[in-house]
Amino acid sequence: MNKKKLPLDFYRREDVLAISRELLGKVLFTNLDDGRKEGPITTAGVIIETEAYRAPEDKASHAYNDRRTKRTEVMFAAGGVSYVYLCYGIHSLFNVVTGPKDTAHAVLVRAIHPIIGIEHMLKRRNQNTLKSNLTSGPGVLSNALGINTFHNSTDLTGADIWIEDHGYVISSKDIIATPRIGIAYAKEYVDLPWRFVLKNYENISKSATYTEDSMSYKPSKV
DNA sequence: CCAGGGATGGACT
DNA sequence: GTCCATCCCTGGT
């Protein structure tokens, strides 16, 4: 199989909507030690749900109107680093910073399909058996992968967090575009179809309410 | 310093 | 399907 780490020029393109679509089917890896002496453990999953955030005009973006604060500064970096922030005081949400320097575009990864290190992801989630909710949301997938706000501004071509192309071919008819979740405050940006979901997976985030015959996928055994 | 918010999750029926 | 606890951190002062 053709597997390769996505290069910086993948992330540094201008079109965050295209990048959001293209991230579907790519494989998000972490190799983190959670502070354990034993060293890092590799965990990974196929990206199956993303959302695009396109500052400066996007009112749903934390960097709306090119608002630069200590928190948002990393979004203005050149693409290929993480933006991890705390939501509801509990959940670490993992974003991929995209675009050239000073363009505050980002992609929120909302769900993955777990494929590598599932046993360890279960431990991090305090679960015993694989269910469809292991990585089915932006907060829980970070938890399963060991990502927290400490990993903000991490180089996505480094050894801790990265994304690989495993050669999965995704056609546009395999992608459902819908409005983004949890951005009711964003006025005229509320209804834009900037959320992208890969069909055939059941473990997308909970707020996804569409049902289709294609939603018959079951996670493979551990 | 501190009021208010928040790209949610999970418990429950 | 519905409901609501969550609590740290941001950002303006």
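The figures here come from the full heavy-atom set of this structure, side chains too, leaving out hydrogens, waters and symmetry mates. Model, not experiment: these values are computed from the prediction. Order of the sequence lines sets the chain letters (A, B, ...), proteins ahead of strands, with each chain counted from 1.
- Between A/Glu49 and A/Arg195 a salt bridge is recorded (basic side-chain N to carboxylate O distance below 4.0 Å).
- Look at the P atom in both C/dC4 and C/dC8: the space between them is 23 Å, to the nearest Å.
- Here A/Tyr83 does not reach the OP1 or OP2 of B/dA7: none of its side-chain N or O atoms lies under 4.0 Å away.
- Screening residues 24-33 of chain A for side chain to side chain donor-acceptor pair (under 3.5 Å) gives A/Thr30-A/Thr43, A/Asn31-A/Thr42 as the qualifying pairs, with residues at least two apart or on separate chains.
- Spacing of C1' atoms, C/dC7 relative to B/dC12, comes out at 22 Å, to the nearest Å.
- Rounded to a whole angstrom, the distance from the C1' atom of C/dC9 to that of C/dT13 is 16 Å.
- Listed by first and then second residue, the ring-ring contact (aromatic ring centres under 6.0 Å, His included) pairs involving residues 120-153 of chain A amount to none (not counting sequence neighbours).
- The residues A/Asp102 and A/Arg68 are annotated as salt-bridged, a charged nitrogen and a carboxylate oxygen being separated by less than 4.0 angstrom.
- When only modelled atom types and interatomic distance are considered, A/Ser171 and A/Asp174 share a side-chain donor-acceptor pair under 3.5 Å.
- Here the P atom of nucleotide B/dG6 and the OH atom of A/Tyr85 are 10 Å apart, to the nearest Å.
- Residue contacts for A/Asn95: at a heavy-atom cut-off of 4.0 Å it reaches a base atom on one of the strands shown.
- Taken together, the paired segments of DNA chain C that extend over three or more consecutive Watson-Crick or G-U pairs, each closer than 3.5 Å at both contacts, are B:1-6 with C:7-12, B:8-12 with C:1-5.
- Straight-line distance from the CE atom of A/Met75 to the P atom of B/dA7: 11 Å, rounded to whole Å.
- For A/Met75 against A/Ala63, the heavy-atom pair with the smallest separation is SD-CB, 4.0 Å.
- One can place CD1 of A/Ile181 at 15 Å from C1' of B/dG6, the figure rounded to the nearest angstrom.
- Regarding contacts with the backbone of B/dG5, every side-chain N or O of A/Tyr185 stays at 4.0 angstrom or more from both OP1 and OP2.
- The CG atom of A/Leu141 sits 12 Å away from the P atom of B/dT8 (whole-angstrom rounding).
- What separates CG of A/Asn152 from P of B/dA7 is a distance of 15 Å, to the nearest Å.
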> How does protein contact run along nucleotides 7-13 of chain C, one letter per nucleotide 5' to 3', with B for base contact, S for sugar-phosphate only, - for none, heavy atoms under 4.0 Å?
Replying inline: BBSSSS-
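- Atom CD of A/Gln127 and atom P of B/dG9 are 12 Å apart (whole Å).
- With rounding to whole Å, A/Leu93 atom CG is found 8 Å from B/dA7 atom P.
- A cation-pi arrangement, defined by a distance under 6.0 Å to the six-membered ring centre and an angle within 45 degrees of its axis, is absent between A/Arg180 and A/Phe196.
- Atom CG in A/Asn143 sits about 19 Å away from atom P in B/dA7, given to the nearest Å.
- B/dG5 and C/dA5 have their C1' atoms separated by 15 Å, given to the nearest Å.
- When the P atom is used for both B/dA7 and C/dC3, the distance is 22 Å, rounded to whole Å.
- Inspection of the A/Tyr83 and A/His62 side chains reveals an N or O donor paired with an N or O acceptor under 3.5 Å.
- Contacts of A/Arg13 classified as salt bridge (charged side-chain N to carboxylate O under 4.0 Å, His left out), with partners at least two apart in sequence or in another chain: A/Glu22.
- The side-chain contact (heavy atoms from CB on, under 4.5 Å) search around A/Val16 returns A/Ser20, A/Ala52, A/Arg54, A/Thr98, A/His105, A/Val107, not counting sequence neighbours.
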